[in-house]
Participant: 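After the C-alpha cells below, expect a handful of questions from me.
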2 protein chains.
Amino acid sequence: MSAVQKHDVFQAIADPTRREILKLLSEKELPISEITSHFPMSRTAVAKHLQILSEAELVCGRKVGREKRFRLHPGPLSELKEWLSYYEQFWTNKLSILTHVVESQPESGD
Amino acid sequence: MSAVQKHDVFQAIADPTRREILKLLSEKELPISEITSHFPMSRTAVAKHLQILSEAELVCGRKVGREKRFRLHPGPLSELKEWLSYYEQFWTNKLSILTHVVESQPESGD
DNA sequence: GGTTTATGAAACCAATTGGTTTCGCTTTTG
DNA sequence: CAAAAGCGAAACCAATTGGTTTCATAAACC
C-alpha cells in the first residue's frame with residue numbers, strides 16, 4: 001500500500017479504542033504487544049488501529065529488534081484544534097450564541 | 001428506540017458531510033431541504049446525518065409549519081476541546097515533546 | 001378540495017469497519 | 001540449531017455506515 005492518506009484525523013480519533021491507544025502512547029513509546037495487553041482484543045486488531053492512526057500521522061512506529069515501537073505524534077491534532085477554534089465563538093462567547101439565536105427567528109411568532 | 005446516545009461527538013464530526021452541515025448551521029438556522037441543496041445527495045441522506053448530529057446534541061431541530069429547522073448547538077464540542085487540551089502539552093510545548101522523545105530511547109542505538 | 005412542498009419512516013444495498021483466525025517470516029534466546 | 005516471541009499479511013465475518021428508492025403524512029397554496 002502506498003502512503004495515501006486514507007484516514008484523516010477526524011476519523012482516526014472517532015474510535016474509543018484508538019483514543020485510548022493515543023493516551024497510552026502519550027505516556028511512553030510502546031511496542032504493539034504491550035499496547036495489546038491493555039485491550040480485550042487480539043494483537044491483529046490493535047495493529048489495525050495503529051495503522052489507521054499511522055495513516056492519520058498521529059503515531060509513528062519504528063522497528064527495534066523484533067518489535068515495532070510506536071510513539072505519539074501529536075502534530076496533526078492541530079487540524080482538529082483549528083477546526084474547533086472556529087466554533088468556539090459560538091459557545092465560549094455566550095453573546096454570540098444569543099445573537100445567533102435571535103437572528104434565526106424569521107416567522108416563528110405564530 | 002430510547003434516547004440512548006448512540007453517537008458521540010467524536011463519531012459525529014468524523015464525517016466530512018456532517019462537518020459541512022455544522023458549518024452551514026453555524027451561519028443560520030436552516031430547514032432540511034435548504035441544507036440538502038448544498039449537497040450532492042438525497043434529502044433522506046442529509047436527514048440521517050442530521051439525526052446523528054442530533055444524537056450527539058450538536059444540532060437541535062424545531063418544527064416550524066411543515067418544515068423542520070435545525071440550528072447549531074455547539075455545547076458538546078467542549079468535550080472535544082477538553083480531550084484536545086490534554087494533548088496540547090505534547091505539541092504546543094516543544095520542550096515536552098523533546099523530553100518525551102528522549103525518555104523513549106531505551107536501546108535504540110541505531 | 002386537490003396539488004405541491006417538506007418531512008418521516010421503512011426497505012434495501014454496497015462498502016467500510018472492527019473484529020477474528022491462520023500462516024509465515026524475522027529476531028531473540030536457550 | 002530449535003523453540004519462542006513479535007510481527008505482517010491474508011482470508012474471513014458480522015455489524016455498521018452512508019447512501020438509495022418508495023410510500024405515507026402534514027402543512028401550505030390556488
Side-chain angles (χ1 to χ4, degrees), chain A residues 1-22 25 29-56 59-71 106-110, chain B residues 1-22 24-25 29-56 58-71 106-110:
Chain A
M1 309 299 174
S2 48
V4 201
Q5 191 184 335
K6 187 176 147 201
H7 290 97
D8 61 10
V9 180
F10 292 92
Q11 281 177 268
I13 67 163
D15 187 271
T17 300
R18 288 196 286 270
R19 291 199 297 277
E20 270 196 69
I21 292 178
L22 288 182
L25 295 183
E29 193 185 46
L30 291 173
I32 299 186
S33 52
E34 264 279 311
I35 301 173
T36 303
S37 70
H38 290 79
F39 298 94
M41 65 185 72
S42 70
R43 171 191 57 87
T44 314
V46 172
K48 285 186 184 178
H49 282 303
L50 283 168
Q51 193 197 319
I52 290 174
L53 289 170
S54 286
E55 285 173 9
V59 304
C60 56
R62 65 187 231 271
K63 213 152 186 193
V64 176
R66 62 181 162 184
E67 58 185 21
K68 185 162 183 185
R69 299 193 189 151
F70 281 87
R71 94 164 51 129
E107 57 252 55
S108 75
D110 64 334
Chain B
M1 309 297 174
S2 47
V4 202
Q5 192 185 334
K6 188 175 149 201
H7 290 97
D8 62 10
V9 180
F10 292 92
Q11 280 177 268
I13 66 163
D15 186 272
T17 300
R18 287 195 287 270
R19 291 199 297 276
E20 270 195 67
I21 291 178
L22 288 181
L24 280 177
L25 295 182
E29 192 185 46
L30 291 173
I32 300 186
S33 52
E34 263 280 311
I35 301 173
T36 303
S37 70
H38 290 80
F39 298 93
M41 66 184 71
S42 71
R43 172 192 56 87
T44 313
V46 171
K48 285 186 183 179
H49 282 302
L50 283 168
Q51 193 197 319
I52 290 173
L53 289 170
S54 287
E55 284 174 10
L58 281 170
V59 304
C60 55
R62 67 185 227 274
K63 210 148 188 198
V64 177
R66 61 180 164 185
E67 58 186 20
K68 185 162 184 185
R69 299 193 189 149
F70 281 87
R71 96 165 47 132
E107 56 252 55
S108 76
D110 60 333

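Residue numbers begin at 1 in each chain, while the letters A, B, ... track the order of the sequences.
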Participant: Taking all non-hydrogen atoms of both residues into account, name the closest pair between A:A14 and B:F10 and its distance.
Facilitator: CB-O, 3.8 Å

Participant: Under 4.0 Å between any heavy atoms, over every strand shown, what does B:Q11 touch: base, sugar-phosphate, or nothing? Just pick one.
Facilitator: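 The residue B:Q11 makes sugar-phosphate contact but no base contact.
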
Participant: Round to the nearest Å and state the distance from B:E55 atom CD to D:dT17 atom C1'.
Facilitator: 13 Å

Participant: Out of C:dG8, C:dG18, D:dG6, which has the shortest distance to the side chain of A:E67?
Facilitator: D:dG6

Participant: Looking at CD1 of B:I35 and CZ of B:R69, how far apart are the two atoms once the value is rounded to the nearest 0.5 Å?
Facilitator: 11.5 Å

Participant: When the distance from CD1 of B:I21 to P of D:dG19 is rounded to whole Å, what number comes out?
Facilitator: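 Between P of D:dG19 and CD1 of B:I21: 9 Å.
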
Participant: Would you mind reporting whether A:R71 and A:R62 have side-chain heavy atoms less than 4.5 Å apart?
Facilitator: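 Yes, close enough: below the 4.5 Å cut-off.
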
Participant: Hey, does the side chain of A:H7 come within less than 4.0 Å of C:dT17's phosphate (OP1/OP2), counting only N and O?
Facilitator: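 For A:H7, the contact criterion (side-chain N or O under 4.0 Å from OP1 or OP2 of C:dT17) is met.
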
Participant: To the nearest 0.5 Å, tell me how far B:S33 OG sits from B:K68 NZ.
Facilitator: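 So the OG of B:S33 and the NZ of B:K68 are separated by 13.0 Å.
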
Participant: Which value, rounded to the nearest 0.5 Å, describes the distance between B:I32 atom CD1 and B:E34 atom CD?
Facilitator: 12.0 Å

Participant: What residues from residues 30-49 of chain B pass a heavy-atom cutoff of under 4.0 Å to DNA chain C?
Facilitator: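 Under 4.0 Å from DNA chain C: B:P31, B:I32, B:S33, B:R43, B:T44, B:K48.
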
Participant: Measuring from B:I21:CD1 to B:L30:CG, what's the distance to the nearest 0.5 Å?
Facilitator: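 Going from the CD1 atom of B:I21 to the CG atom of B:L30 covers 10.5 Å.
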
Participant: Using atom names, set out every protein N or O paired with an N or O of nucleotides 28-30 of chain D below 3.5 Å, distance rounded to 0.1 Å.
Facilitator:
from: D:dA28; atom 1: O4'; to: B:R66; atom 2: NH1; distance (Å): 3.4

Participant: Measure the NE2-CD1 distance between A:H7 and A:I13 for me, rounded to the nearest 0.5 Å.
Facilitator: 13.5 Å

Participant: Give the nucleotide from the list C:dG19, D:dC7, C:dG18 with an atom nearest to the side chain of A:K68.
Facilitator: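 That would be D:dC7.
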
Participant: Applying side-chain contact (heavy atoms from CB on, under 4.5 Å) to B:L25 and B:L58, what does each step give before you reach the verdict?
Facilitator: CA-CA 10 Å; B:L25 295 182; B:L58 281 170; over 6 Å; no

Participant: Show me the side-chain donor-acceptor pairs of residues 42-52 of chain B shorter than 3.5 Å, one per line, residues at least two apart or across chains.
Facilitator:
from: B:S42; atom 1: OG; to: B:A45; atom 2: N; distance (Å): 3.2
from: B:H49; atom 1: ND1; to: B:R18; atom 2: NH1; distance (Å): 3.1
from: B:Q51; atom 1: NE2; to: B:E55; atom 2: OE2; distance (Å): 3.1

Participant: How close or far is atom P of C:dG19 from atom CD of A:Q51, stated in whole angstroms?
Facilitator: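 Result: 14 Å.
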
Participant: On the nucleotide C:dT7, are OP1 or OP2 found under 4.0 Å from the side-chain N or O atoms that B:K63 carries?
Facilitator: no

Participant: Measure the distance from CZ on A:F10 to C1' on D:dG18 and round it to the nearest whole Å.
Facilitator: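 These atoms are roughly 19 Å apart.
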
Participant: To the nearest angstrom, how far is B:R69 atom CZ from C:dA6 atom C1'?
Facilitator: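 Interatomic distance, CZ of B:R69 to C1' of C:dA6: 12 Å.
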
